[in-house]
Amino acid sequence: PLLSGGRGGFGVFMTPSAGYLLAWPLGAFVTGLVMYTLPAGSPRRVALSAFVASSLGGLLVIHACGVIGLMKISGMSPTQALIGTSAFVPGDLIKCVLTAVVCHTVARGLPDWKFGKQGV
């Protein structure tokens with residue numbers, strides 16, 4: 001099984017959640033690109049960059065594509081789709097904060113590791 005409830009296969013890409021599924025690679029790309037371009041000279045900057053990157057790529061891009069998928073496949077209005085996805089935003093923001101905490105801890109433990117732009 002690929003998803004919750006034991007669903008899997010290509011059929012899941014015809015459900016209203018297809019926008020979210022298709023957005024994962026794009027969200028990962030945007031997150032990595034933003035993390036690479038933001039300054040990361042200190043552990044604090046690494047944490048802030050990680051929060052911004054995960055918020056833009058992991059939250060904004062994925063939810064935007066998910067809302068579009070909800071509107072196209074299930075015929076929801078933009079307002080209905082935004083309300084539907086808004087239930088997941090608080091939990092995703094908590095995950096963005098946890099990402100920043102983990103990156104801060106790693107940056108403190110491995111000061112020679114190159115995160116994003118150095119010395120900025």
Side-chain angles (χ1 to χ4, degrees):
L2 173 65
L3 302 170
S4 63
R7 297 179 306 144
F10 291 113
V12 297
F13 293 104
M14 297 300 149
T15 64
S17 63
Y20 297 99
L21 295 172
L22 293 171
W24 283 349
L26 179 62
F29 175 78
V30 170
T31 301
L33 184 65
V34 171
M35 187 67 188
Y36 178 75
T37 59
L38 288 176
S42 68
R44 182 173 289 160
R45 284 189 179 184
V46 169
L48 182 61
S49 295
F51 179 79
V52 170
S54 62
S55 295
L56 289 176
L59 203 126
L60 184 66
V61 169
I62 291 177
H63 281 283
C65 293
V67 165
I68 292 169
L70 288 172
M71 290 171 21
K72 296 290 183 187
I73 295 175
S74 67
M76 291 183 173
S77 71
T79 304
Q80 290 172 321
L82 285 171
I83 290 171
T85 198
S86 66
F88 300 98
V89 172
D92 289 344
L93 280 172
I94 291 170
K95 294 172 195 173
C96 291
V97 169
L98 290 174
T99 299
V101 169
V102 168
C103 287
H104 181 268
T105 303
V106 170
R108 285 184 61 202
L110 300 169
D112 294 334
W113 193 354
K114 304 293 185 218
F115 291 92
K117 295 203 180 230
Q118 297 295 313
V120 178

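- Grouped by direct or indirect side-chain proximity (heavy atoms under 4.5 Å, Ile/Leu/Val/Met/Phe/Trp/Tyr only), Ile68 sits alone.
- Counting all heavy atoms, side chain and backbone alike, Gly58 lies closest to Thr31 at N-OG1, 3.3 Å.
- Residues forming a side chain to side chain contact (heavy atoms under 4.5 Å, CB included) with Val34 (at least two apart in sequence, or on another chain): Val30, Leu38, Val52, Ala53, Leu56.
- In this structure, Trp24 and Ile62 have side chains that are in contact, with non-hydrogen atoms separated by less than 4.5 Å.
- Expressed to the nearest 0.5 Å, how far CZ of Arg44 lies from OG of Ser42 amounts to 7.0 Å.
- At distances below 3.5 Å, at least one donor-acceptor pair connects side-chain atoms of Ser77 with backbone N or O atoms of Gln80.
- When the side chain to side chain contact (heavy atoms under 4.5 Å, CB included) test is applied to Met71, the partners found at least two apart in sequence or on another chain are Val67, Pro78, Ala81.
- Shown here are the side chain to side chain contact (heavy atoms under 4.5 Å, CB included) partners of Ser86, two or more places apart in sequence or in another chain: there are none.
- Under the 4.5 angstrom side-chain criterion for Ile, Leu, Val, Met, Phe, Trp and Tyr, the cluster partners of Ile94 are Leu98.
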Pair Val97, Phe51 - check side chain to side chain contact (heavy atoms under 4.5 Å, CB included), show working. CA-CA 6 Å; Val97 169; Phe51 179 79; 3.8 Å; yes
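- Among pairs with a residue in residues 46-57, none fulfils side-chain hydrogen bond (donor to acceptor under 3.5 Å, both in side chains), at least two apart in sequence or across chains.
- If you chain together ILVMFWY residues whose side-chain heavy atoms come under 4.5 Å of each other, Ile73 ends up in a group of its own.
- Shown here are the side chain to side chain contact (heavy atoms under 4.5 Å, CB included) partners of Leu59, two or more places apart in sequence or in another chain: His63, Val89, Asp92, Leu93, Cys96.
- Taking each heavy atom of Leu70 and Tyr20 in turn, the nearest pair found is CD1-OH, 3.6 Å.
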With a 3.5 Å cut-off and sequence neighbours excluded, list the donor-acceptor pairs that the side chains of residues 100-112 form with protein atoms.
from   : atom 1 : to     : atom 2 : distance (Å)
Thr105 : OG1    : Val101 : O      : 2.9

